[in-house]
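In what follows, a single structure is set out as structure tokens and then discussed.
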Amino acid sequence: MKILYNTATGNSLYVAKKIKYAFENCELISIPKALREESFEIEDKIIGFIYPIHYAGVPIVMYDFLSKVKINSDAYVFAIGVSGGGGANTSFYQINKLLGRNINNYLTVKYISNYTKMGTNPTEKRAKNAIANYDSKIEEFIQSISKREEKEAAFKYGIGCFEYKIFKDVLKNKDKNFNVNENCIGCNMCEKICPVNNITIESNKAKWNGKCVDCMACINICPKKAINIGKSTIKKNRYRNPYIEASELISD
């Protein structure tokens, strides 16, 4: 089994690890890393995709990966969309379309939004409560995967797909208002965590280069809260899944 995951703040990685530990011979693969290394051939009999929901759909990096990946036609494929409270059906539609086949099983995990740009991140207590509320559903899904159960559904193109197209193809310069203040210590964590190599360190300060995919990884991982989006995030707390270490979010 291979589980391909995309994560920025650790929620999707947390779910992926729970499933990995339930199966023997299960390998976790970072989607940004696989995309960089052009690892597009997957021949395993069971293949999973676990990812956060971005504007109703899959992260842009995952969209690009799915448009190139080739999988075993007989594989049992499942998908888990980890959202901030909304649905994941648009993402399942996208996966079906990009793979050229239907996924066999799927699950929506609804935690609390940590989209720092538009809202307030959850406290650790609220995050742990939200995570605990879905642990039993994840365990049930693990049993469903082990039995190779099929869950059929007709996912259709809808308003979520339209919203996603605007996010992906129309909204440019997603990092336009990103900035770094004097608290920056030049630790390079933001540069390392960026899934598209959009951040460089110049004169010991972070610089964004216009390829941002709006994942919020850099602002949340910064140990000094030195990164902000305009002035709107200065007083906001930062978020990382309380069960995931910062070092686990860096894909080599």
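Keep in mind it's a predicted model, so treat the numbers as computed, not measured.
Residues passing the salt bridge (charged side-chain N to carboxylate O under 4.0 Å, His left out) test with K2, sequence neighbours excluded: E27, D44.
The two residues S91 and Y51 come nearest to each other via the heavy atoms OG-OH, 2.7 Å. Shortest non-hydrogen contact noted between Y93 and C161 is CD2-SG, 3.6 Å. Across all non-hydrogen atoms, the minimal contact from Y111 to I131 is CE2-CA, 3.5 Å. Considering every non-hydrogen atom in both I103 and A79, the closest pair reads CD1-CB, 4.0 Å. Residues A16 and I50 come closest through the heavy atom pair CA-CD1, 3.5 Å. Between P195 and V61 the shortest heavy-atom distance is CB-CG2, 3.9 Å.
Counting heavy atoms from C-beta outward, N177 and K117 have side chains that stay 4.5 Å or more apart. In this structure the side chain of P52 never reaches within 4.5 angstrom of the side chain of T7, judged on heavy atoms. No side-chain heavy atom of F49 sits under 4.5 Å from any side-chain heavy atom of V58. In this structure, the side chains of Y14 and D135 come closer than 4.5 Å at one or more pairs of heavy atoms. Side-chain contact between V196 and P32 is absent, with no heavy atoms from C-beta onward closer than 4.5 Å. Within the 4.5 Å cutoff, the side chain of I219 has heavy atoms near those of the I229 side chain.
Of the N and O atoms on the side chains of N237 and N121, not one donor lies less than 3.5 Å from an acceptor on the other residue. A donor atom on one side chain and an acceptor atom on the other are found under 3.5 Å apart for Y76 and N105. Side-chain atoms of N72 and E43 include no donor-acceptor pair closer than 3.5 Å. T90 and Y164 share no donor-acceptor pair across their side chains, judged by distance under 3.5 Å alone.
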Checklist entry - Can you list the steps and then say if M1 with K20 is a side-chain contact (heavy atoms from CB on, under 4.5 Å)? => result CA-CA 9 Å; M1 177 192 296; K20 171 183 167 58; over 6 Å; no
Checklist entry - Can N102 and E152 be said to form a side-chain contact (heavy atoms from CB on, under 4.5 Å), step by step? => result CA-CA 9 Å; N102 290 338; E152 295 186 7; over 6 Å; no
Checklist entry - Please walk me through it: do F78 and L107 pass side-chain contact (heavy atoms from CB on, under 4.5 Å)? => result CA-CA 8 Å; F78 67 88; L107 175 69; over 6 Å; no
Next on the checklist: side-chain contact (heavy atoms from CB on, under 4.5 Å), that's the test. Do Q94 and L66 meet it? Break it down for me.
Outcome noted: CA-CA 9 Å; Q94 291 174 326; L66 289 172; 6.0 Å; no
Next on the checklist: Working note: D214 + Y115, criterion side-chain hydrogen bond (donor to acceptor under 3.5 Å, both in side chains); need CA distance, chi angles, decisive distance, verdict.
Outcome noted: CA-CA 9 Å; D214 215 32; Y115 187 44; 2.4 Å; yes
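By the 6.0 Å contact criterion, CZ on F162 is open, its count of non-hydrogen atoms from other residues, nucleotides or ligands being 12 or less. No more than 12 heavy atoms of other residues, nucleotides or ligands shown are found within 6.0 angstrom of CD1 on I159. Within 6.0 Å of atom CD in E202, more than 12 heavy atoms from other residues, nucleotides or ligands are found, so the atom counts as buried in its surroundings. Heavy atoms of other residues, nucleotides or ligands lying less than 6.0 angstrom from CG of D169 number more than 12. The neighbour count for K97 NZ, taken as heavy atoms of other residues, nucleotides or ligands under 6.0 Å away, does not exceed 12. For NZ of K205, the number of neighbouring non-hydrogen atoms (other residues, nucleotides, ligands) closer than 6.0 Å is greater than 12. No more than 12 heavy-atom neighbours from other residues, nucleotides or ligands sit within 6.0 angstrom of CD on E245.
The residue from T120, N114, T9, N11 that alone fulfils the side chain to side chain donor-acceptor pair (under 3.5 Å) condition with Y239 is N11.
Looking at N104, its side chain does come within 3.5 Å of a backbone N or O of V77 through a donor-acceptor pair. Checking side-chain atoms of K207 against main-chain N and O of T200 turns up no donor-acceptor pair under 3.5 Å. K174 places no side-chain N or O within 3.5 Å of a backbone atom of V213 that could act as its donor or acceptor partner. Judged purely by atom type and a 3.5 angstrom limit, D175 uses its side chain to pair as donor or acceptor with the backbone of G210. Within the 3.5 Å criterion, the main-chain N or O of N209 finds a donor-acceptor partner in the side chain of N198. In terms of modelled atom types and a separation under 3.5 Å, the side chain of T123 and the main chain of R126 share a donor-acceptor contact. Panel note: side chain K224, backbone I185; no donor-acceptor pair is recorded below 3.5 Å. Formation of a donor-acceptor pair under 3.5 Å by the N220 side chain with backbone atoms of R238 is not found in this model.
Expressed to the nearest 0.5 Å, how far NZ of K17 lies from OG of S12 amounts to 13.0 Å. The CG atom of L28 sits 9.0 Å away from the CG atom of L4 when rounded to the nearest 0.5 Å. Considering CD1 of I199 and CD1 of I227, their distance stands at 5.5 Å, rounded to 0.5 Å. Here I234 contributes atom CD1 and N228 contributes atom CG; the two are 5.0 Å apart, rounded to the nearest 0.5 Å. Between atom SG of residue C184 and atom CG of residue N179 there is a gap of 11.0 Å, rounded to the nearest 0.5 Å. A distance of 8.0 Å separates CD1 of I145 from CD1 of I46, quoted to the nearest 0.5 Å.
Screening residues 49-78 for salt bridge (Lys or Arg N to Asp or Glu O under 4.0 Å) gives no qualifying pairs among residues at least two apart or on separate chains.
Ring geometry for F92 versus F155: interplanar angle of 30 to 60°, hence tilted. The aromatic rings of W208 and F178 sit tilted relative to each other, their planes meeting at an angle between 30° and 60°.
Cluster annotation: L249 is not connected to I201 through the hydrophobic network of ILVMFWY side chains, with a link wherever side-chain heavy atoms come within less than 4.5 Å. Under a hydrophobic-cluster definition in which Ile, Leu, Val, Met, Phe, Trp and Tyr are linked whenever side-chain heavy atoms come within less than 4.5 Å, directly or via other members, Y21 and V15 are assigned to different clusters. At a threshold of 4.5 Å between side-chain heavy atoms, the hydrophobic network of Ile, Leu, Val, Met, Phe, Trp and Tyr places I112 and M216 in two separate groups.
Taking the centre and axis of the six-membered ring of Y134, the NZ or CZ atom of K110 falls outside the cone set by 45° and 6.0 Å.
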